[in-house]
Amino acid sequence: MSTFTSSTVAIPGAGAIPRHVAIIMDGNGRWATARRLPRVAGHARGVEAVRNTVEACARRGVEYLTLFAFSSENWRRPQEEVSVLMRLFISALEREVTQLQKNGIRLRVVGELSAFEPRLRELITQAEARTAGNERMTLTIAANYGGRWDILQAVQTALCEQPELARHPERFAEPTLAQHLAMAYAPEPDLFIRTGGEQRISNFLLWQLAYTELYFTDVWWPDFDAAALDRAIESYATRERRFGRTSAQVTAAASG
Ligand code: IPE
Ligand code: IPE
Ligand code: MG
């Protein structure tokens with residue numbers, strides 16, 4: 001497994017295919033409402049879009065795919081919708097892990113998982129263990145995840161492990177924090193996609209998105225497919241990632 005490097009420190013090599021794609025899967029409710037269906041019908045269709053996107057990313061050589069499935073703020077939704085989302089999560093874990101295994105995909109789930117019911121936590125643990133040896137692509141599901149929670153728990157964990165940092169805060173460096181983030185096993189996202197038309201981060205990966213290329217599309221998540229993914233990747237391929245440097249420096253580094 002690769003060691004963690006901050007893309008703000010180590011500049012990733014340019015490539016047409018992003019190594020890490022992170023997606024806010026938004027628009028399920030509006031997809032359903034537009035069809036006069038209950039919102040939860042949109043979530044059910046959203047699971048199919050997840051299946052297709054996982055497969056499409058793996059085929060294109062994406063190494064890490066991270067999907068925002070449930071935010072720490074989504075508990076504010078009506079109790080009924082929350083419980084349908086939990087049931088969908090459970091049934092997806094029960095049904096899809098065999099396919100992930102066949103396709104060589106490692107599954108990780110990040111977020112404050114202690115809030116979930118025991119059955120769900122057990123399925124997560126089992127699925128992660130079963131797929132732990134797979135190396136083709138790492139699929140991360142962010143569930144009860146919040147970027148602020150992640151930064152806070154990283155600081156707390158670092159201070160517990162190294163109490164002397166409290167007396168020497170100048171030793172508390174970026175890597176100290178980064179290595180305790182929930183997704184410390186992955187490089188920072190190269191491409192961020194948000195479906196559903198909103199242009200905001202909604203407390204997703206706050207630390208890691210510092211230099212990620214952002215892509216917003218009006219496509220509702222249940223309609224997101226390989227063609228929509230390709231449009232996002234095409235857009236990504238046209239970007240010049242400068243990480244603070246000038247365009248001339250970037251061009252010189254690429255040709256030299
Ligand atoms: C995203 O779709 C799924 C979750 C947040 C769980 P939404 O449910 O937010 O759909 P809209 O934004 O209401 O259309
Ligand atoms: C973000 O979508 C969270 C997920 C997709 C899981 P929301 O629909 O919850 O975001 P807001 O409330 O519109 O910002
Ligand atoms: Mg939404």
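Residues: numbered from 1 along the sequence shown. In each ligand, atom 1 is the first atom listed, and ligand 1 is the first ligand listed.
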*Counting backbone and side chain alike, does D26 bring an N/O/S atom below 2.8 Å of the Mg ion (ligand 3)?*
yes
Classify the contact between [X] and ligand 1 as side chain, backbone, both or neither, using a heavy-atom distance cut-off of under 4.0 Å.
X	answer
N74	side chain
S71	neither
R77	side chain

*Would you kindly confirm whether L88 and L67 end up in one hydrophobic cluster when ILVMFWY residues are joined by side chain heavy atoms under 4.5 Å apart?*
no
*Atoms in ligand 2 with a heavy atom of F70 nearer than 4.0 Å*: 6 (C)
*asked:* Can you name the atoms of ligand 2, numbered from 1 with element, that are less than 4.0 Å from a heavy atom of I24?
replied: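 Contacts of ligand 2 toward I24, numbered from 1: 1 (C), 5 (C).
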Identify, by atom number and element, the atoms of ligand 1 in contact range of [X], meaning under 4.0 Å from any of its heavy atoms.
X	answer
D26	1 (C), 2 (O), 7 (P), 9 (O), 10 (O), 11 (P), 12 (O)
R30	11 (P), 12 (O), 14 (O)
H43	3 (C), 8 (O)
A69	6 (C)

*asked:* Run E94 and R119 through salt bridge (charged side-chain N to carboxylate O under 4.0 Å, His left out) and show every step you take.
replied: CA-CA 11 Å; E94 286 170 343; R119 170 82 186 134; 2.9 Å; yes
Does a side-chain N-to-carboxylate-O contact under 4.0 Å join [X] and [Y]?
X	Y	value
E198	R200	yes
E73	R148	no
R51	E55	no

*asked:* As an exercise, state the distance from CG of D26 to CZ of F216, rounded to the nearest 0.5 Å.
replied: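 Spacing of CG (D26) from CZ (F216) equals 11.0 Å.
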*Atom OG1 of T131 and atom CE of M137: how far apart are they, to the nearest 0.5 Å?*
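Result: 11.0 Å between the selected atoms.
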*Does R76 come within less than 4.0 angstrom of ligand 2, counting non-hydrogen atoms of the residue?*
no
_Can you tell me if E198 contacts ligand 2 (heavy atom of the residue under 4.0 Å from the ligand)?_
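False for this residue.
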_Is_contact(atom 14 (O) of ligand 2), protein non-hydrogen, under 4.0 Å_ = yes
*asked:* I need the nearest protein heavy-atom contact for atom 10 (O) of ligand 1: residue, atom name and distance, please.
replied: G29 N, 2.9 Å
*Which of these, L209, T66, I23, V21, sits in a side-chain contact (heavy atoms from CB on, under 4.5 Å) with P189?*
L209
*Start with the C-alpha distance between W31 and H43, add both sets of side-chain angles, then the distance that settles side-chain contact (heavy atoms from CB on, under 4.5 Å), and finish with yes or no.*
CA-CA 9 Å; W31 179 93; H43 297 317; over 6 Å; no
*Can R239 be said to sit on top of Y215's aromatic six-ring, NZ or CZ under 6.0 Å from centre and within 45° of the ring axis?*
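No cation-pi geometry.
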*Counting heavy atoms only, which of M25, R200, R194, E73 comes nearest to atom 5 (C) of ligand 2?*
M25
_Whether G196 lies under 4.0 Å from ligand 1, heavy atom_ =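 Judged by the 4.0 Å heavy-atom criterion, G196 does not count as contacting ligand 1.
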